[in-house]
Amino acid sequence: MRREVQATFRDPFTVTTLIAVPLAALLVFGFVLATDVKHMALGVHDQSDSSASRRLIADLAAQEAFRPTRYATREALDRGLVSGEIGVALVIPPDFDRALHDFVIGGPPPEIQVIYDGGEAVLAGNAEGFLRGLVAASSASLIAEEGASSRRTAGAGGEAPSGSMAPASGPGRPGVEVVMRALFNPRLEGKPFMVSGTFGFVLSFLTVLLTAVSIVNEKLTGTFEQLQVTPATSVEILLGKILPLGGVFALDVVLMVLVAGFVLGVWPSGSVFFFVAVSSFYVLISLALGLIISATSATAAEAVQKTVLLSIPLVQLSGFAFPIRNMPTIVRWASEVFPATHYIRVSRAIYIRGEGPIPLLPELAMLVFFGVILMAYALRSIEARA
Amino acid sequence: LSSVRHSFWSNVAAVAYKEATIMRHDRALIAVIFLQPLMMILLFGLALSNKPRNVPWVVLDESRTATSRRLVEEIYLTGYFLPHQPVASYDEGRGRLARGAALAFLVIPQQFDRELQRGRPRVQLLVDGSDPLSAARVSGSIAQVAAELELRPEAQSHWPGASLREKSGIRTTGIDIRQRFWFNHTLLDRNFFLTALAGMLLTNMCLSVTSLGLVAERETGTYEQMLSLPTTPLEIVLGKLVPYVALSYLVLAFTTLAAGVFFGVWPRGSYLALVVVTLPFVLASLGIGVFVSTLARTSAQAVFITVFFILPSFVLSGVLFPYQLMPPGVREIGGLFPLRWYQIALRRIVARGGGLGDVAFPAMALVGLFALMLTLIRWRMRPRLG
């Protein structure tokens with residue numbers, strides 16, 4: 001047992017990897033999910049070139065969500081979309097100014113045309129909501145001014161939306177206004193979601209990979225066989241093998257909590273001890289999976305390939321980055337048999353919603369169930385080889 | 001000089017032939033090369049999506065008017081939601097949100113009816129912000145439905161063509177936005193992922209196969225044997241890379257065909273540009289693989305270093321999350337990975353129908369990264385050869 005602990009810590013490379021890779025994963029994932037748009041290139045073909053159209057463009061640029069560039073022809077604008085120079089194109093028709101004036105005195109509303117680069121699906125989806133909100137705010141003030149200048153009151157002045165989430169209910173137009181509030185994450189930041197999911201990613205993929213590869217490596221160098229001729233039982237060997245690794249992974253969890261808190265500003269809303277306890281138990285499941293993979297692989301390369309083939313669907317279907325809810329029914333059922341699914345659910349509940357143990361009992365029971373089965377299976381696969 | 005050059009290329013060809021022969025007999029490799037694309041295509045084609053579906057939501061309707069019921073009905077018709085669950089009190093709704101049993105909680109207050117008479121009705125929406133992208137999409141679509149809800153249909157149509165406009169469902173107050181999504185009309189995430197899928201697969205293959213293969217050869221002593229032959233190390237490395245380049249094109253063809261046949265995502269632009277821009281990408285990725293193999297002493301280390309490169313290249317390059325929204329600094333770091341430039345090129349060619357001219361810049365960036373990798377490899381290999 002002591003031999004294993006020493007062996008694990010003697011190799012500076014292994015120690016570095018064990019600590020650096022999870023932390024790097026945390027930082028990398030922490031920054032990538034965004035629900036807003038910033039400095040998005042907006043191509044404008046302003047056929048009207050009136051004071052009203054210039055105001056609209058200035059309003060779109062004001063909040064730094066969009067960075068407008070003017071295009072002289074419609075062809076150039078289309079070209080900009082195809083080449084990826086711009087992500088959104090705005091066409092303001094020649095009669096925009098007059099249509100705005102007509103609208104105030106009871107005519108149809110003025111029209112503008114917006115074309116998004118749908119190839120960037122997420123970006124276009126975010127931009128749509130933002131642009132809609134900004135245009136609504138801008139049009140409210142344009143119409144109010146136009147109404148004042150033509151000495152007609154165009155209803156009560158619309159209130160500017162406070163953010164992209166609250167589209168303006170414009171002046172004199174029916175429609176229900178929605179006052180929106182997001183619980184647990186009022187500014188809809190991506191970090192808490194990704195951080196709480198990254199624990200699942202690290203503990204389901206990296207730990208399995210590290211366990212499998214390091215044990216296969218031992219098998220290759222013959223250390224494992226040597227151990228098996230000693231009077232130690234296979235359970236003892238198993239524990240001696242995986243407990244040091246498990247200890248390091250548990251330490252990783254604590255380090256990740258600290259780095260997420262100090263660097264990314266994301267602390268668990270629930271109990272830290274409860275989170276670390278659940279995570280440490282989940283580490284056992286990963287260790288068992290790693291053992292099973294290593295027992296069935298002859299070389300390190302084979303172990304890697306097996307782990308990757310197993311882990312990609314396991315991690316992706318566990319709701320780590322893409323919600324399970326959005327998946328087809330059969331896939332949703334299938335995802336329930338992955339331990340990672342249940343762990344990530346628990347991790348999110350503790351981290352974001354600050355949930356305690358009692359409401360999470362069904363999920364925790366599933367984790368224990370998987371843990372017992374996988375540990376038993378890992379034990380058998382080791383004993384079978386003895 | 002010409003005879004030297006002749007022997008250089010024939011040596012490269014000899015090594016390439018030897019490599020290709022070994023590869024043909026590597027069953028695990030073949031499995032990775034064909035199983036992985038298939039698995040990823042199924043995952044990204046069928047399972048993973050950011051588009052909200054099956055969203056559980058609760059409604060507290062204290063006004064019980066026909067309009068409030070119509071609002072709830074219209075929201076349901078957006079297709080994002082499960083049938084709503086009515087709740088009896090505000091606390092019950094909050095409780096469901098806190099437990100994660102509902103993603104959105106719509107409160108239609110008692111005074112909704114009175115506000116309706118005065119023309120400015122308001123409702124409250126609470127969303128669970130723990131999954132920010134879903135929260136933003138769901139609240140955005142609810143706000144949009146609410147803003148467009150016709151409160152008194154007969155009072156609306158005071159201009160011709162109004163009813164037509166209502167049907168198109170695209171409207172904001174004041175200025176009408178006629179919007180279109182080019183290249184991906186329904187904003188399917190599937191198209192976004194499948195467009196760049198070849199990049200992910202090639203990164204995986206080029207990095208892991210080369211780094212693992214070269215380290216394994218060093219471990220078994222094959223590499224030293226080859227060094228004793230009258231071939232130079234550069235010839236050996238180049239000869240080893242040739243079959244991988246061929247294999248990469250095979251994977252590209254397979255992926256393109258599968259995405260096209262199964263999901264109708266065919267490249268819209270120039271196939272020639274696709275073939276051309278893939279070469280510097282594959283070379284740069286193979287270069288990273290070779291570089292990793294020079295850093296690692298054992299295959300376990302090679303695996304970890306490879307993961308260390310693959311993980312950020314997937315996350316920061318923009319194949320899964322739009323790189324345009326990443327904070328400055330993080331975005332630039334992503335530019336160091338070949339996958340960033342290749343996915344930009346892929347989106348221009350496959351999604352937007354671009355040609356050679358559109359991918360000139362990403363191609364140059366890839367050539368630059370390849371040159372950088374070659375420099376690094378030469379620097380790492382020099383001491384060993386001296």
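Reminder, nothing fancy here: chain letters follow the sequence lines and each chain counts from 1.
- Listed for the A/S311 side chain is no donor-acceptor partner under 3.5 Å among the backbone atoms of A/V308.
- Of the possible donor and acceptor atoms, none in the side chain of A/N126 sits under 3.5 Å from a partner among the backbone N and O of A/L123.
- Heavy atoms closer than 4.5 Å to chain A are found in the side chain of B/V330, but not in its backbone.
- Considering every non-hydrogen atom in both A/A321 and A/P323, the closest pair reads O-CD, 4.0 Å.
- Only the side chain of B/V307 comes within contact range of chain A, with heavy atoms under 4.5 Å apart.
- Both the backbone and the side chain of B/L325 come within contact range of chain A, with heavy atoms under 4.5 Å apart.
- In terms of heavy-atom pairs under 4.5 Å with chain B, the best-connected choice from A/V91, A/V114, A/N185 is A/V114.
- Proximity to chain B is limited to the side chain of A/V331, based on heavy atoms less than 4.5 angstrom apart.
- Proximity to chain B is absent for every atom of A/Y351, based on heavy atoms less than 4.5 angstrom apart.
- For chain B, the option among A/Q113, A/K306, A/E189 with the highest count of heavy-atom pairs below 4.5 Å is A/Q113.
- Heavy atoms of A/D78 lying under 4.5 Å from chain B belong to its backbone as well as its side chain.
- Taking every heavy atom of both residues into account, B/N50 and A/F322 meet most closely at OD1-CD2, 3.4 Å.
- Separation of atoms CG (B/L106) and CD1 (B/I75) is listed at 5.0 Å; rounding is to 0.5 Å.
- Using a 4.5 Å cut-off between heavy atoms, A/V82 touches chain B through backbone and side chain atoms alike.
- Contact annotation for A/I324: neither backbone nor side-chain heavy atoms come within less than 4.5 Å of a heavy atom of chain B.
- There is no contact between B/F105 and chain A, counting heavy-atom distances below 4.5 Å.
- Residue B/R137 touches chain A through its side chain alone, counting heavy-atom pairs closer than 4.5 Å.
- In this structure, the side chain of B/N54 engages the main chain of A/R325 through a donor-acceptor pair within 3.5 Å.
- Looking at A/I352, only its side chain comes within 4.5 Å of chain B, counting heavy atoms on both sides.
- Heavy atoms of B/I344 lying under 4.5 Å from chain A are absent altogether.
- For A/P313, the parts lying under 4.5 angstrom from a heavy atom of chain B are both the backbone and the side chain.
- With respect to the salt-bridge test (charged N to carboxylate O, under 4.0 angstrom), the residues B/D128 and A/R348 do not qualify.
- Between chain A and the options B/E115, B/Q324, B/Q124, heavy-atom pairs under 4.5 Å are most frequent for B/Q324.
- Pairing each heavy atom of A/F130 with each of A/A65, the nearest pair is CD2-CB, 3.8 Å.
- Between the side chain of B/R53 and the backbone N or O of B/Y80 there is no donor-acceptor pair closer than 3.5 Å.
- In terms of heavy-atom pairs under 4.5 angstrom with chain A, the leader among B/L97, B/I333, B/T195 is B/L97.
- For A/R332, the part lying under 4.5 angstrom from a heavy atom of chain B is the side chain only.
- Proximity to chain A is absent for every atom of B/V350, based on heavy atoms less than 4.5 angstrom apart.
- For chain A, the nearby part of B/F44 is the side chain; its heavy atoms alone come within less than 4.5 Å.
- Heavy atoms only, all atoms of each residue included: A/V202 and A/P22 are closest at CG1-CB, 3.7 Å.
- The backbone N or O of B/K51 lies less than 3.5 Å from a partner atom in the side chain of A/N326, making a donor-acceptor pair.
- Taking all atoms of both residues into account, the shortest heavy-atom contact from B/A47 to A/L317 is CB-CD2, 3.7 Å.
- Most heavy-atom pairs under 4.5 Å with chain B: of the set A/A41, A/P328, A/G354, this distinction falls to A/P328.
- No other option in B/I305, B/V145, B/L133 has as many heavy-atom pairs under 4.5 Å with chain A as B/L133.
- Considering CZ of B/F304 and CG of A/L210, their distance stands at 4.0 Å, rounded to 0.5 Å.
- Using a 4.5 Å cut-off between heavy atoms, B/S134 contacts chain A through its side chain alone, with no backbone atom that close.
- In this structure, A/D117 contributes its side chain and A/G87 its backbone to no donor-acceptor pair below 3.5 Å.
- Residue A/E128 touches chain B through its side chain alone, counting heavy-atom pairs closer than 4.5 Å.
- Listed for the A/S138 side chain is no donor-acceptor partner under 3.5 Å among the backbone atoms of A/V135.
- The residue among A/S335, A/A124, A/P192, A/P359 with the most heavy atom pairs within less than 4.5 Å of chain B is A/A124.
- Ranked by heavy-atom pairs shorter than 4.5 Å toward chain B, the options A/Q316, A/K38, A/E85 are led by A/Q316.
- The two residues B/M200 and B/F314 have their closest heavy-atom pair at O-CZ, 3.4 Å.
- When B/L311, B/V123, B/D189 are compared by the number of non-hydrogen pairs under 4.5 Å with chain A, B/V123 comes out ahead.
- With 3.5 Å as the limit, one finds no donor-acceptor pair spanning the side chains of B/S208 and B/T306.
- With a 6.0 Å cutoff to the six-membered ring centre and a 45° limit on the axis angle, B/R347 counts as a cation-pi contact of B/F192.
- At a 4.5 Å heavy-atom cutoff, the contact between A/E120 and chain B is made by backbone and side-chain atoms alike.
- Residue A/M194 touches chain B through its side chain alone, counting heavy-atom pairs closer than 4.5 Å.
- For the set B/P52, B/G100, B/S130, the entry with the most heavy-atom pairs within less than 4.5 Å of chain A is B/S130.
- Looking at A/A24, only its side chain comes within 4.5 Å of chain B, counting heavy atoms on both sides.
- Of the residues considered (A/L209, A/L131, A/V213, A/I115), A/I115 shows the highest number of contacts with chain B, using heavy-atom pairs under 4.5 Å.
- In this structure, chain A has a heavy atom under 4.5 Å from the side chain of B/R94, while its backbone stays farther away.
- Separation of atoms OG (B/S317) and CE (B/M326) is listed at 7.0 Å; rounding is to 0.5 Å.
- Note: B/L126 leads B/L320, B/L126, B/V359, B/I142 in heavy-atom pairs under 4.5 Å with chain A.
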